[in-house]
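Report on the structure given below.
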Amino acid sequence: MLDIQKIREQTDWVKRGIQNKNISVDIDNILKLDRVRRDVIAEVENLKHDRNVISMEVGTHKKNNQDASDLIQKTREIGQTIKELDERQRDVESELQDLLMQIPNTPHDSVPVGLDPLENPVVKEWGSRFNPGYKLKTHLELGESLGLFDFTRGTKIAGPGFPLYTGNGARLERALINFMLDFHIDKHGYTEVLPPVLSNVKTMTTTGQLPKFEEDMYKISQDDLYLIPTAEVPVTNIHQGEIVQEQILPIQYCAYSSCFRREAGSYGKDTRGFLRLHQFNKVELVKFVHPDTSYDELEKLRRDAEEILEALGLEYRVIELVTGDLSFAAAKCYDLELWAPAENRWLEVSSCSNYEDFQARRGAIRYKSSADNKVRLLHTLNGSGVATPRLLVTILETYQQEDGSVLLPEILAPYMGSAGLHLK
RNA sequence: GGAGAGGUGGCAGAGUCUGGUUGAAUGCACUGCACUCGAAAUGCAGCAUACCCUAUGGGUAUCGGGGGUUCGAAUCCCUCCCUCUCCGCCA
């Protein structure tokens, strides 16, 4: 949610930012409603003041055994008007609130302006192209011949997009998750958390999934809960409604969770294999930081995710999203993409975003400044560190041998145990 | 699922029966000042949040959420939510 005061004071800047995100919102209407709201508040508060003063007089009169019926009559009348205005105020405020919840975050000034994702600048490239002489197999061919997963049976159990990992595939999946968690905990100083995979309406609203994107999620209507699309949701809400001490910032959590996405509207796109799923595994990084340092923290966060890819020896590149490609809640975002040699294309495995105070305002996540003892909104960031499906795809494709076996990166050795690194 | 207890400021904890200058005692934590070579201890002072306005000041609201009674509600009534204890069930 944007600060209504900011909308008031920097109207043009806000309008331009939202326009650059390619979203149309009637800011003028919001300002008009805000004006009405403030007028009503001023009026009703004056009346309440009058009532309070007279009520207090009633109290003194009664204490002195004096008649107060005139005063009581007067406040009764005022009370009636107050009741009407209170109602008016409530209506106006809820209407304004609804509108504000629909407004996306504004892009940071450093974000390149553009509407087409094809304009996303590549800001970094790492690694070298895997290009052996022999014909490359896709991850699907490799997975099938090595018995790593079974899409047919996954579909039987739940439906398409719900993968069943089998044998060494299941083990590799678990190995990747554990490797990434350990890496972030030990090398980058994150605190591990293991959150619920269901979240309530309030939680979903903080991070921006609700009210706008309900149809993207699986809902448990019986209990008004939603399956989380990412651990970002429950983890960001760990400090929802809290005031944390400034000294403990930045707080950084990493979390493994299954993620559930309906992917409504993307049918037909990337339906094969692991490229787009309804359920997948992800290690997520979430940071709560001081507003002054959030952009430095974003660079660090991105670096933390990159190091996972480097440790696995995978070719990747980093793109910066143009304004029009930014998600609803993000002010700035980098995507990390892996090169899948057999797919012959880049696959997104991580998004690292700074939400500034957008989520913090929705979730009332604040810190107490040690300088002036004031309570202020902090900034929230998160990034995938990283999602497994496309990681698995690129690992299989990048480490495949000519004979159709896969020789996994050395760093996974402790995690693959007796299965070994050579999947034949 | 059954029975009971309870939700008050950053935390702990009074006040609720008997409605009225109670935004809320007290303690802790925190901030400033004094004392000190410095620190601890001690003393003094300050210290909730949000919003509104004719804005170095004034006002309104907030004691789990919502509604009601009343001139006036932390305090009385209704309702919802949550937490805890005991019993039952259970991975």
Side-chain angles (χ1 to χ4, degrees), chain A residues 1-9 30-101 194 196-206 210 220-226 234 237-249 251 258 288 290 357-358 360-378:
Chain A
M1 195 162 74
L2 293 183
D3 184 5
I4 182 67
Q5 208 167 316
K6 188 170 187 179
I7 298 176
R8 254 189 332 246
E9 287 163 8
I30 283 170
L31 288 174
K32 211 169 77 188
L33 211 53
D34 178 52
R35 184 66 260 170
V36 172
R37 172 182 147 262
R38 289 190 292 156
D39 289 344
V40 173
I41 287 174
E43 199 180 348
V44 77
E45 286 190 350
N46 279 331
L47 289 174
K48 281 179 178 172
H49 175 61
D50 293 347
R51 182 179 65 182
N52 287 346
V53 169
I54 300 174
S55 276
M56 228 178 292
E57 278 178 51
V58 171
T60 0
H61 277 228
K62 293 221 164 166
K63 208 171 271 175
N64 302 332
N65 285 317
Q66 291 173 295
D67 177 54
S69 47
D70 284 2
L71 296 172
I72 289 176
Q73 181 55 30
K74 215 190 286 179
T75 44
R76 218 174 251 161
E77 287 163 20
I78 296 176
Q80 192 51 41
T81 318
I82 288 175
K83 205 170 177 183
E84 287 161 19
L85 286 173
D86 270 343
E87 217 163 293
R88 179 89 201 284
Q89 184 187 340
R90 209 166 36 235
D91 291 347
V92 172
E93 286 190 337
S94 83
E95 190 182 344
L96 185 61
Q97 184 72 8
D98 288 350
L99 290 173
L100 283 172
M101 290 302 249
L194 185 59
V197 292
L198 291 178
S199 288
N200 60 30
V201 172
K202 169 71 197 159
T203 293
M204 285 294 176
T205 304
T206 297
L210 290 178
I220 316 283
S221 13
Q222 199 177 3
D223 299 293
D224 245 345
L225 294 167
Y226 297 83
N237 277 278
I238 286 175
H239 297 295
Q240 180 216 106
E242 294 183 8
I243 298 168
V244 304
Q245 288 301 317
E246 182 175 359
Q247 309 78 276
I248 69 171
L249 298 177
I251 301 168
S258 288
F288 300 82
H290 192 284
D357 64 13
F358 189 83
R361 183 170 294 103
R362 289 172 158 239
I365 312 171
R366 296 170 293 175
Y367 71 97
K368 190 159 206 171
S369 162
S370 49
D372 57 10
N373 241 16
K374 286 279 178 204
V375 173
R376 295 201 178 80
L377 294 168
L378 46 72

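In what follows, chains are A, B, ... by sequence order, proteins preceding strands, each numbered from 1.
- Results of the side-chain contact (heavy atoms from CB on, under 4.5 Å) test with A/Thr75 over A/Glu57, A/Arg51, A/Gln80 single out A/Arg51 as the only residue that passes.
- Summary of the strand contacts: A/Arg366 and A/Lys83 both lie near RNA chain B, and taking for each the nucleotide with the nearest heavy atom, the more 5' one is attributed to A/Arg366.
- Remark: the separation of the P atoms in B/A40 and B/A29 is 12 Å, to the nearest Å.
- Distances were taken from every side-chain heavy atom of A/Ile243 (C-beta onward) to each of B/G10, B/G59, B/C53; the shortest belongs to B/G10.
- When the side-chain nitrogen and oxygen atoms of A/Arg51 are compared with OP1 and OP2 of B/C71, none of them lie within a distance under 4.0 Å.
- Taking every side-chain heavy atom of A/Asn52 into account, B/A61 is the closest of B/C71, B/C52, B/A61.
- Look at the C1' atom in both B/C81 and B/G65: the space between them is 7 Å, to the nearest Å.
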For RNA chain B, the dot-bracket notation using Watson-Crick and G-U wobble pairs below 3.5 Å, [ ] for pseudoknot-type crossings and | for other-strand pairs, is ((((((((.[[[..)....(.....]]].(((((.......))))).((((((...)))))).[[[[[..)....]]]]])))))))....
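- If you check B/C71, B/C51, B/U60 against the side chain of A/His49, the one that comes closest is B/U60.
- Residue A/Leu85 contributes atom CG, which lies 14 Å from atom C1' of B/C52 at whole-angstrom precision.
- Across the C1' atoms, B/A5 and B/A55 are found 48 Å apart, a figure rounded to whole Å.
- OP1 or OP2 of B/C53 has at least one side-chain nitrogen or oxygen of A/Arg35 nearer than 4.0 Å.
- Nearest nucleotide to the side chain of A/Glu45, out of B/G67, B/C52, B/G72: B/C52.
- Below 30°, between 30° and 60°, or above 60°: for A/Tyr367 and A/His290 the angle between ring planes is between 30° and 60°, a tilted geometry.
- Distance check on atom P: B/G27 versus B/G46 gives 14 Å, rounded to whole Å.
- Using a 4.0 Å heavy-atom distance criterion, A/Arg37 is classed as a sugar-phosphate-only contact.
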